[in-house]
Amino acid sequence: MTEAIRGWILTHRARPFLELLSRYAGYDFDATDWAAVEAGVKATDAADADGWYSYPLVGRCDTLEVRLANTVGGDELSVVIVGAGTYEMCLRADTLLTAFATD
């Protein structure tokens with residue numbers, strides 16, 4: 001599977017989204033990871049192709065690249081996940097995007 005998985009999540013749900021996605025990949029996402037992502041996402045803009053923040057999740061099961069960007073005028077983060085190696089990981093990532101797009 002090499003196709004990017006795209007969607008969006010509510011900004012305030014970004015940390016639990018990344019924690020769960022990391023667990024599926026076999027990566028131990030911790031407070032240091034969150035601090036890096038939180039700082040990196042601040043100046044992003046989904047409308048600008050160069051305005052995205054990218055964070056790698058190099059796990060025991062999968063290596064994912066998660067790209068995040070703020071939506072202009074909204075409380076959402078646009079998300080692109082690259083590197084899901086199996087149908088199962090694609091399905092999990094897509095399901096997480098749907099689940100974290102609502103409260």
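Shown here are the salt bridge (Lys or Arg N to Asp or Glu O under 4.0 Å) partners of R13, two or more places apart in sequence or in another chain: there are none. Not counting sequence neighbours, T95 has no partner by the side-chain hydrogen bond (donor to acceptor under 3.5 Å, both in side chains) test. Judged as a salt bridge (Lys or Arg N to Asp or Glu O under 4.0 Å), and not counting sequence neighbours, the contacts of R15 are E19.
Separation of atoms CG (L18) and CD (E38) is listed at 11.0 Å; rounding is to 0.5 Å. The line from CD1 of I9 to OG1 of T71 is 11.0 Å long, rounded to the nearest 0.5 Å. To the nearest 0.5 Å, the span separating OH on Y24 from CG on L91 amounts to 9.5 Å. Atom CD1 in I81 sits 5.0 Å away from atom CG in L21 (nearest 0.5 Å). F100 CZ to H12 NE2: the interatomic distance, rounded to the nearest 0.5 Å, is 10.0 Å.
The two residues A4 and V80 make their nearest non-hydrogen contact at CB-CG1, 3.8 Å. Of all heavy-atom pairs spanning T102 and L10, the tightest one is C-CD1, 3.7 Å.
Both L20 and F17 belong to a single network of hydrophobic side chains, linked directly or stepwise wherever heavy atoms of I, L, V, M, F, W or Y lie under 4.5 Å apart. V37 and W8 fall into different hydrophobic clusters, where Ile, Leu, Val, Met, Phe, Trp and Tyr are joined by side-chain heavy atoms under 4.5 Å apart, directly or via other members. Hydrophobic cluster membership differs between W34 and W52, with clusters built from Ile, Leu, Val, Met, Phe, Trp and Tyr side chains linked at under 4.5 angstrom. Clustering ILVMFWY residues whenever any of their side-chain heavy atoms sit less than 4.5 angstrom apart, transitively, puts L97 in the very cluster that holds L57.
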Hey, can you pull the donor-acceptor pairs under 3.5 Å for the side chains in residues 40-49, sequence neighbours left out?
from	atom 1	to	atom 2	distance (Å)
T44	OG1	V41	O	2.7
T44	OG1	N70	N	2.8
T44	OG1	N70	ND2	3.0
D45	OD1	A47	N	2.9
D48	OD1	D50	N	3.0

For residues 26-33, please give each side-chain donor-acceptor pair under 3.5 Å, one per line with the distance, not counting sequence neighbours.
from	atom 1	to	atom 2	distance (Å)
Y27	OH	D33	OD1	2.6
Y27	OH	D33	OD2	3.3
D30	OD1	T32	N	3.0
D30	OD1	D33	N	3.1
D33	OD1	Y55	OH	2.4
D33	OD2	D30	N	2.9

Could you give the side-chain donor-acceptor pairs of residues 62-69 under 3.5 Å, partners two or more places apart or in another chain?
from	atom 1	to	atom 2	distance (Å)
D62	OD1	G85	N	3.1
E65	OE1	R67	NH2	3.4
E65	OE2	S54	OG	2.7
E65	OE2	R67	NE	2.9

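In the hydrophobic clustering (ILVMFWY side chains linked at under 4.5 Å, chained through shared members), V58 stands by itself.
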